[in-house]
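See structure below.
Everything numeric in this text was worked out from a predicted model, so none of it was measured. Just so we're on the same page: letters track the sequence lines, and every chain starts at 1.
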Amino acid sequence: MSHSASSCAWGPATSVLSWRVPFDRGASLMLNPKILRAELDEIARQLGRRALTIDRDWFTIREQKRKQLQTNAEQLQNQRNTNSKLIAQGKSAGQDVSGIMDEMGAINAKLKAGEGELERLQSEIHAWMLTLPNLPHESVPDGNTEADNAVVRTWGEPPEFDFPPLGHVEIGKRTEGLDFGKSAKIAGSRFVTMQGQVARLHRALIQFMLDVHVSEHGYREVYVPYIVNDESLTCTGQLPKFEADLFKLSTDSPYYLIPTAEVPVTNLWRDTIAKEEELPAKYACHTPCFRSEAGSYGKDTRGMIRQHQFEKVELVQLVKPEASWRALEELTQHAEIILQKLELPYRVVTLCAGDLGFAAAKTYDIEVWLPGENRYREISSCSNFVDFQARRLKARWKNPATGKTELLHTLNGSGLAAGRTLVAILENCQDSEARVRVPEVLQPYMGGLEIITSP
RNA sequence: GGAGAGGUGGCAGAGUGGUCGAAUGCGGCGGUCUUGAAAACCGUUGACUCGAAAGGGUCCGGGGGUUCGAAUCCCUCCCUCUCCGCCA
């Protein structure tokens, strides 16, 4: 990326010539490159839990060659710097420095000769490292599919109806609150139009969630851009691998609609060294989210479970490394409390290694009960990324104990997805007349309304 | 959209081709003095990276160029500020 002063590149200059690496737009290493070099076998084993096989020989061969070329280049640079000083001193003393100047010509020629090869190797290695996902935490269960996820706890009982419960699409139709036909006309499939009391309920949910997180859980409310550049997406891990999931703007600059508030909010800390007293930094942020849902054809085509545009209240934390595992439990709890206050039954599952997102070391999914589908559906995903995103972001802190700048840990989770929460309320709180009881905590946000009826 | 100014260490702000990773001030840290504190004085204080260490390399908004040598000169992009116009 050439249009921004800042960058989440892999350090001001990892090594000689590295600033020429064509991945300057940000791309950093996800895994600690030192550990990758030193403990390749162990890394390969841990990535194997994600059903990923890495080519160790490919890497080792290039890494050895890279090191050799780099050491050589640095020696030449050292000579150049030394000679440069000698020339300066000699000239000011009125001596003849043409001999040294000739030597400089030879040094520069040698440097130039090795340059191309070194650059190519660095680019190759870097691009390869970019495709490596985070290592699963040891507490993450083995497994490859959703079926291997482990249920941690269950809260509440699925409601029993003495009538066949309707799905939210039908309830939405009867209350005239949800209209999929209108939005299909004005935009296309996977959009919804909300109206009247249901639209207000949706807005009430967002206000309620924000209020709880801000006043009871200690998060700071933020408002952020809904359009971000490619650097931001690279830093949080959506790019370069998952561009197909995003909506890209057709402007000259590489702009994208945000797929989640995680992207702009986490990037608040890009290229920043936090003071100890600023930590933990906790943010609650409501944004729309835009996802292309490429590759999900035929999945959840009906209703508002899987939309191109939906609203979400996101929780983001940047914490000291030693605090991140405790923070994951807390953050998950904060999301759960919203469901508890809404009296919606749910369960929490730990994603197995194979089901884990690219940047996450561990993820808890919160799944709400949906009577219309007679099963639990994901309504929140809470993850600890440890230092994976922070390394790309260069989000660090000054550790007073060591006196050094060290990487932070980042976490985030939905608290919650508003659209799916709305679905859960419509389905769980319906009566035999397809009316919907407004959860008590939301009534103040609804002007005291207790029941949503047809207009 | 038009015109102008500018981007240097945590902040302010020097430096316009050579021994500059960068004066100075503030802030931070350590010390002297003090019952304690303030003031004063002395010292110290950027980030990244390779290395077991010694030590090396890179970074003055990003990228490219000129040169034996660039914070300093040239090109280009990004960003910020001021004025005018437009707009919510």
Distance check: side-chain N/O of [X] vs OP1/OP2 of [N], anything under 4.0 Å?
X	N	value
Arg37(A)	rU49(B)	no
Arg66(A)	rC50(B)	no
Asn78(A)	rG57(B)	yes
Lys394(A)	rA47(B)	no
Lys67(A)	rG51(B)	yes
Lys34(A)	rC50(B)	yes

I need the [atom1]-[atom2] distance between [X] and [N], as an integer number of Å.
X	N	atom1	atom2	result
Asp271(A)	rG10(B)	CG	C1'	15 Å
Leu86(A)	rU19(B)	CG	P	13 Å
Gln122(A)	rG57(B)	CD	P	17 Å
Glu231(A)	rG61(B)	CD	P	17 Å
Glu277(A)	rG28(B)	CD	C1'	11 Å
Arg270(A)	rG62(B)	CZ	P	14 Å
Gln89(A)	rG69(B)	CD	P	18 Å

Counting any heavy atom closer than 4.0 Å, what does [X] reach on the DNA or RNA strands: base, sugar-phosphate only, or nothing?
X	result
Thr405(A)	sugar-phosphate
Lys91(A)	base
Asn108(A)	sugar-phosphate
Met101(A)	base
Asn81(A)	sugar-phosphate

Verify the ring-centre separation between [Y] and [X]: is it less than 6.0 angstrom?
X	Y	result
Phe247(A)	His308(A)	yes
Phe358(A)	Phe388(A)	yes
His286(A)	Tyr223(A)	no

Measuring only the [atom1] atom in each nucleotide, how far is [N] from [M]? A whole number of Å is fine.
N	M	atom1	answer
rC20(B)	rG46(B)	C1'	15 Å
rU66(B)	rU8(B)	P	27 Å
rU16(B)	rG6(B)	P	15 Å
rC33(B)	rG43(B)	C1'	15 Å
rA71(B)	rG21(B)	C1'	10 Å

## Note on the structure
Ranking rC68(B), rU58(B), rU19(B) by distance to the side chain of Arg80(A), first place goes to rU58(B)
### Query
Of the candidate nucleotides rG69(B), rC68(B), rG56(B), which contains the atom at the shortest distance from the side chain of Glu74(A)?
rG56(B)
### Query
Is the base of rG57(B) touched by the side chain of Gln77(A) through a donor-acceptor pair closer than 3.5 angstrom?
no
### Task
Give me the ring orientation class for Phe180(A) and His168(A): parallel if the planes are under 30° apart, tilted from 30 to 60°, perpendicular past 60°.
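Plane angle over 60°, so perpendicular.
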### Query
Do we get Arg56(A) above Trp58(A)'s six-membered ring, with its NZ or CZ under 6.0 Å from the centre and within 45° of the axis?
no
### Message
Are there over 12 heavy-atom neighbours, none belonging to Lys320(A), within less than 6.0 Å of that residue's NZ?
### Response
yes
